[in-house]
S.K.: 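If you scroll down you'll find the structure; I have some questions about it.
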Amino acid sequence: MSVYDKYQAVIGLEIHAQLSTKSKAYASDSATFGDLPNTNISPVTLGHPGTLPVLNEKNIEFAVKLGLAVGATIRENNEFARKNYFYADLPKGYQITQDKTPICTGGFITLFPNTAKEKKIEITRIHMEEDAGKSIHDQDPFNTLVDLNRAGVPLVEIVSEPQISSAEEAYEYVTQVRKLLRYLEICDGNMEEGSLRCDANVSVMLKGASKFGERTETKNMNSIRNVKRAIEHEIIRQIDVLENGGKIEMETRSFNAVDGTTFTMRSKEEAHDYRYFPEPDLQPVIVSQNYINDVKTTLPTLPNELYKVYTKEFGLSEYDANLIIESKPLGIYYNELTQYTKNYKAASNWLNGSIKSYLNENGITIENFVIKPAKIAALIQLIDDGKVSNTVASQHIFPIMVKQPELEPLAIAEQNNLIQESNDDDLSSYIEQVIENNPKEIERFRNGEQQLIGFLMGQLMKTSKGKADPKKANSLLREKLKQ
Ligand code: ADP
Ligand code: MG
């Protein structure tokens, strides 16, 4: 047993998600990402004297959506607070946030199915706040540049309970949160662009201990994979410190993606006193039960629910179901497809197989895929009716459909002479040819080498140029060979 096995990790994540609203949280300037620096800033964002913030109602709607999706309790009486600190990218000198009255409390994220067994991670709170501007350190060798377009962009902060026990679980947690945000269409979830950010609180303790160890908080991971790497590193580092007789100090650390390590950013002594006080310029917002009910009606089917339907009712494998729910547009396509065919498994195979390969090879997203689900369902029907084989469908018909999506699969099959031959006369003539051309193998088969049926079927398919109905041909061939 290595020393690392003596310890268990305790992890709690804080996720900041930028809400995809058109305008900012408390001002009308555009919240668009990627515009020219400092073009989307108004006097309200800059906090000029005499300006007043006005709450963007979408913030409430999006936060309530998220709360409902995780099963949180939604607060009726929401107040805002000022979190004061001085920094170059914070022109007002404070952020408007929700200190004591987070809009959502409780609820959970389910980790599955990539973890061995389903595990629920409880949510401590979800609150609304605004983003600060962006300090850019790497464009000018002598100065830090500041882009205030991001100042005032609405965020929700999602704080988890310290119930995550490994870097893998943390990976899964962030993946699930991001998927949920995307299904709800309230955040684009892009970690590279910073619209989703994750701070990892990590501590370690001896297995079975009742008291948590001291934690560190690591920032600046720009992908889910890097969240995992940072936590992996931090767990090992903390155990090494403890094993060498040291002590973990509460501190904020930063992740270095180049070598996968973390380093001290600021220690507890440097921690801010934010001097929270109620925001005097914003009235409390009352979120009524009626409002919550209205928002509830706008919730889409959530990925976890889809997963259950696909695995339990449609009989898909966990793997296939997971591939489909990975992104909402894929799920939408699949749902539509299954309105036209009850062969759910074939529908999933087509989507996860030929269709995805085609999309990947051509750099197209499913939203821009030209073949309508009804046409794919018709193709599946052709196969199920024994009119064409899977191979002919995927290698000959599908490529034509992609070029001429208005054509019916049956018409394509007929025009190109691809209809499978399943009438006995045709098949018998192929069988005769196979028997004639492979006397040695026939002899051996009749002498007991049953496995040669595979070879003989291969010959038969070749002779028929792939058009023989393999099931029927197989049984006819076996019958013939018995004689
Ligand atoms: P702060 O605002 O100072 O960051 P919070 O109480 O909001 O403090 O906690 C932040 C995060 O730290 C939460 O996700 C929580 O689950 C996590 N956390 C708290 N204690 C520990 C611990 N001992 N080990 C790991 N994570 C912890
Ligand atoms: Mg924190």
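Remember, it's 1-based here, ligands and their atoms both numbered in the order they're listed.
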S.K.: Any Lys/Arg nitrogen of K328 or E185 sitting under 4.0 Å from an Asp/Glu carboxylate oxygen of the other?
M.R.: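 Answer for the salt bridge query: yes.
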S.K.: So does K134 pair up with D147, basic N to acidic O under 4.0 Å?
M.R.: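 Salt bridge absent between K134 and D147.
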S.K.: Please list, in number order, the atoms of ligand 1 under 4.0 Å from a heavy atom of G213.
M.R.: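 What qualifies from ligand 1 is 23 (N).
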S.K.: Would one find an N or O of T124, backbone or side chain, under 3.5 Å from an N or O of ligand 1?
M.R.: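 In this structure, T124 places no N or O atom under 3.5 Å from an N or O of ligand 1.
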S.K.: Does the pair K345/D320 count as a salt bridge with the N-to-O cut at 4.0 Å?
M.R.: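 Result for this pair is yes, salt bridge flagged.
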S.K.: From atom 8 (O) of ligand 1, work out which of E14, R215, E122, E217 has a heavy atom at the shortest distance.
M.R.: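 It is R215 that holds the nearest heavy atom.
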S.K.: Holding to ring pair (Phe, Tyr, Trp, His ring centres under 6.0 Å), I want the full list of residues that pass it with Y310, two or more places apart in sequence or in another chain.
M.R.: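 For Y310, the residues satisfying ring pair (Phe, Tyr, Trp, His ring centres under 6.0 Å) (neighbours in sequence not counted) are F314, Y334.
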S.K.: Taking both backbone and side-chain atoms of P162, is any N or O found less than 3.5 Å from an N or O belonging to ligand 1?
M.R.: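 For ligand 1, there is an N or O atom that lies under 3.5 Å from one belonging to P162.
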S.K.: Identify, by atom number and element, the atoms of ligand 1 in contact range of V159, meaning under 4.0 Å from any of its heavy atoms.
M.R.: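 Counting atoms of ligand 1 from 1, those under 4.0 Å from V159 are 13 (C), 14 (O).
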S.K.: Which atoms of ligand 1 are found less than 4.0 Å from any heavy atom of E161?
M.R.: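 Checking each atom against E161, I get 16 (O).
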S.K.: Could you check whether K308 pairs with E305 (Lys NZ or Arg NE/NH1/NH2 to Asp/Glu carboxylate O, under 4.0 Å)?
M.R.: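 Looking at E305 together with K308, the answer is no, because their closest N to O distance does not fall below 4.0 Å.
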S.K.: Which one of A200, A9, S160 has a non-hydrogen atom at the shortest distance from atom 15 (C) of ligand 1?
M.R.: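 It is S160 that holds the nearest heavy atom.
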S.K.: Would you mind listing which atoms of ligand 1 come within a distance below 4.0 Å of any non-hydrogen atom of F212?
M.R.: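 Counting atoms of ligand 1 from 1, those under 4.0 Å from F212 are 23 (N).
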S.K.: Before you tell me yes or no, could you show the steps for D99 and Y274 under side chain to side chain contact (heavy atoms under 4.5 Å, CB included), namely the whole-Å CA-CA distance, both residues' side-chain angles and the distance that decides it to 0.1 Å?
M.R.: CA-CA 11 Å; D99 178 30; Y274 291 116; over 6 Å; no
S.K.: Distance under 4.0 Å to a non-hydrogen atom of V10: what atoms of ligand 1 satisfy this?
M.R.: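 Under 4.0 Å from V10, ligand 1 has these atoms: 24 (N), 25 (C).
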S.K.: Donor-acceptor pairs under 3.5 Å, side chain of residues 241-249 to any protein atom, not counting sequence neighbours: which ones?
M.R.:
residue	atom	partner	partner atom	Å
E243	OE2	K6	NZ	3.2
E243	OE2	Y7	OH	2.8
N244	ND2	D240	O	2.9

